[in-house]
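Just so we're clear, the structure is a prediction, and the values are computed from it rather than from any experiment. All chains are named by letter (A, B, ...) in the order of the sequence lines, taking the proteins before the strands, and each is independently numbered beginning at 1.
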Protein chains: 2
Amino acid sequence: MANQTHDKRAARTKMLIRDALTELMEEKGFEGVTVRNLTEKAQINRGTFYLHYRDKYDLLEQSEEEILKEIEDKARGINPKDALHSTSQDEPFPVILKLFEYFQENARFMRVVLGPKGDASFQVKLKELIKQQFLQNIASKLNVEDMLVPAEYFIAFVSSAQLGLIQHWLETGMKKPPKEMALIAAKMILLGPGHVAGIK
Amino acid sequence: MANQTHDKRAARTKMLIRDALTELMEEKGFEGVTVRNLTEKAQINRGTFYLHYRDKYDLLEQSEEEILKEIEDKARGINPKDALHSTSQDEPFPVILKLFEYFQENARFMRVVLGPKGDASFQVKLKELIKQQFLQNIASKLNVEDMLVPAEYFIAFVSSAQLGLIQHWLETGMKKPPKEMALIAAKMILLGPGHVAGIK
DNA sequence: TTATAAATCAACACAATGTTGATTAATTGA
DNA sequence: TCAATTAATCAACATTGTGTTGATTTATAA
């Protein structure tokens, strides 16, 4: 139960368990996964699981928290001034680009946890993170006074759209590179869906 | 196990179970709900549950399917020509308005099933339905040739945004009437987030 | 009112959970 | 390198939920 990160065995076991989680979630979804399943797939004793995690929910939470932390760290590495600034027509917003890059690196787990068999609470947390990033990087450019709609709905709209774009991209096999996806996102946000699609 | 919809008792029992489901999902989320919980809350015998549903997943699915059907029926009642057409500045798109109205009527269940303790697969299904509605009502206005981004990303962006707007609205207590929300959605889609928020 | 269908109740085998104490194995670092 | 520490294994346990059964009571519909 202690902090056993300084033992090769513990690190290996945790990795085996997390890999098993990804595989099993792909098969049955998180609901369908049992601790038995996990330990059989990971080829470890069932008791060993409880040395590291309280239950399967604890395992999922820890995995998700780590991901959220890593994304936050990535975003922190960008100067807020540059975050939503494109140097040229072909350069997307750095924050959004970083986001797509991170998801590509961790595609297997992200795809399943954000998919239909995944975890609704994680989607909410991730959307919240995207909201915060948007607010931090866009606050100065926003003129809350004369917006055409209340800010809260604007931000809910944009962050959901951004997450939905990522989900669709993951679900369809990431056929376009992160840079291209980031450009698509930027166009949609700045120019607007209606204009982008040539409606009216 | 037969189709017992012609008996008052069966109808009553089903209602009790579904009400219990909503309440229990609010408390513990769907994962945490057991058949025992449901039948205790509904004050029925545990065996009775299995007379109507295979298991708790079957219960959730049947509830969700009914909702999707009802939404489709509502949308079918609108002439496609009018679906995304506003007669005046203060008249929102009929399809989007109907959507908000339906969610308001079934707010309790919708809020929890679309929230953090809800069902990720239902979100996907609902998003799919929104996509289809959009495509049906917008196809004629779309010029797939000279769109600035591939159509699939446009539609993923817009339908996710629309669903996100509904989720935020439910989560924050539906403080605005459906009509106002539908107008907000329309502005965001037609004018674009960037323009609406006055960015750049 | 009577035939039918729904709901109750007790009992069952089964599977997953989380915890235990004793034992073996791997690792760290002195 | 070797001793101390920590991780992993194993068998066993009580507990809880599951889904199904057969017999019985109760409500509904025709």
Side-chain angles (χ1 to χ4, degrees), chain A residues 1-64 66 112 117-119 121, chain B residues 1-64 66 112 117-119 121:
Chain A
M1 197 73 86
N3 188 10
Q4 64 277 82
T5 339
H6 301 292
D7 198 319
K8 284 180 179 177
R9 290 168 296 175
R12 187 187 108 97
T13 302
K14 283 199 155 195
M15 218 196 60
L16 288 174
I17 293 175
R18 297 200 180 192
D19 287 352
L21 177 65
T22 303
E23 275 193 55
L24 287 170
M25 280 182 73
E26 284 173 351
E27 291 173 26
K28 335 184 181 194
F30 180 71
E31 292 238 10
V33 178
T34 69
V35 174
R36 276 197 136 79
N37 290 339
L38 285 165
T39 55
E40 277 166 16
K41 173 84 71 179
Q43 307 227 61
I44 58 166
N45 191 276
R46 191 165 65 86
T48 306
F49 176 90
Y50 294 100
L51 258 36
H52 298 281
Y53 304 102
R54 206 170 49 250
D55 50 32
K56 69 167 182 167
Y57 303 100
D58 186 41
L59 164 63
L60 184 65
E61 265 172 48
Q62 283 195 33
S63 308
E64 292 174 347
E66 238 171 63
V112 59
K117 295 174 179 175
D119 175 14
S121 84
Chain B
M1 198 71 87
N3 187 9
Q4 64 278 82
T5 338
H6 301 293
D7 198 317
K8 283 180 181 178
R9 291 168 295 177
R12 186 188 108 97
T13 302
K14 282 199 156 193
M15 218 196 61
L16 288 174
I17 293 175
R18 296 202 180 190
D19 287 352
L21 177 65
T22 304
E23 275 194 56
L24 287 169
M25 279 183 74
E26 285 174 350
E27 290 173 27
K28 336 184 181 195
F30 181 70
E31 291 238 11
V33 177
T34 69
V35 174
R36 275 197 138 78
N37 290 338
L38 286 165
T39 56
E40 277 165 16
K41 174 83 72 179
Q43 307 228 58
I44 59 166
N45 191 276
R46 191 165 67 87
T48 306
F49 177 90
Y50 294 101
L51 256 37
H52 298 279
Y53 304 102
R54 208 170 48 253
D55 50 32
K56 68 167 182 167
Y57 302 101
D58 186 41
L59 164 63
L60 185 65
E61 265 172 48
Q62 284 195 33
S63 309
E64 291 173 348
E66 239 171 64
V112 60
K117 296 173 177 174
D119 175 15
S121 83

Spacing of A:Tyr53 atom OH relative to C:dT19 atom P, expressed in whole Å: 16 Å
Nearest listed nucleotide, side chain of A:Leu51, among C:dA7, D:dT9, C:dT27: D:dT9
Pairs meeting criterion ring-ring contact (aromatic ring centres under 6.0 Å, His included) with involvement of residues 7-28 of chain A, two or more places apart: none
Of A:Thr13 and B:Arg9, the one whose closest DNA chain D nucleotide lies more 5': A:Thr13
Whole-Å gap separating C1' (C:dC9) and OH (B:Tyr50): 15 Å
Separation of B:Lys14 NZ from B:Ile44 CD1 (nearest 0.5 Å): 12.0 Å
side-chain contact (heavy atoms from CB on, under 4.5 Å) partners of B:Asp55, counting only residues at least two apart: B:Tyr57, B:Asp58
B:Met15 CE to C:dA7 P, straight-line distance once rounded to whole Å: 13 Å
side-chain contact (heavy atoms from CB on, under 4.5 Å) partners of B:Leu59, counting only residues at least two apart: B:Ile17, B:Arg18, B:Leu21, B:Leu38, B:Phe49, B:Tyr53, B:Ser63
Nucleic acid contacts - residues 31-46 of chain A versus DNA chain C, non-hydrogen atoms under 4.0 Å: A:Thr34, A:Val35, A:Arg36, A:Arg46
Spacing of B:Phe49 atom CZ relative to D:dT18 atom P, expressed in whole Å: 9 Å
Between C:dA26 (C1') and A:Leu16 (CG): distance, integer Å: 15 Å
Pairs touching residues 36-45 of chain A that satisfy salt bridge (charged side-chain N to carboxylate O under 4.0 Å, His left out), sequence neighbours left out: A:Glu23-A:Lys41, A:Glu27-A:Lys41
Set of residues satisfying side chain to side chain donor-acceptor pair (under 3.5 Å) with respect to A:Thr22, sequence neighbours excluded: none
Candidates C:dT28, C:dA7, C:dG18 - which lies nearest the side chain of A:Asp55: C:dG18
Protein-nucleotide distance (A:Ile17, atom CD1; D:dA8, atom C1'), rounded to Å: 11 Å
Whole-Å gap separating C1' (D:dT20) and CZ (B:Arg54): 15 Å
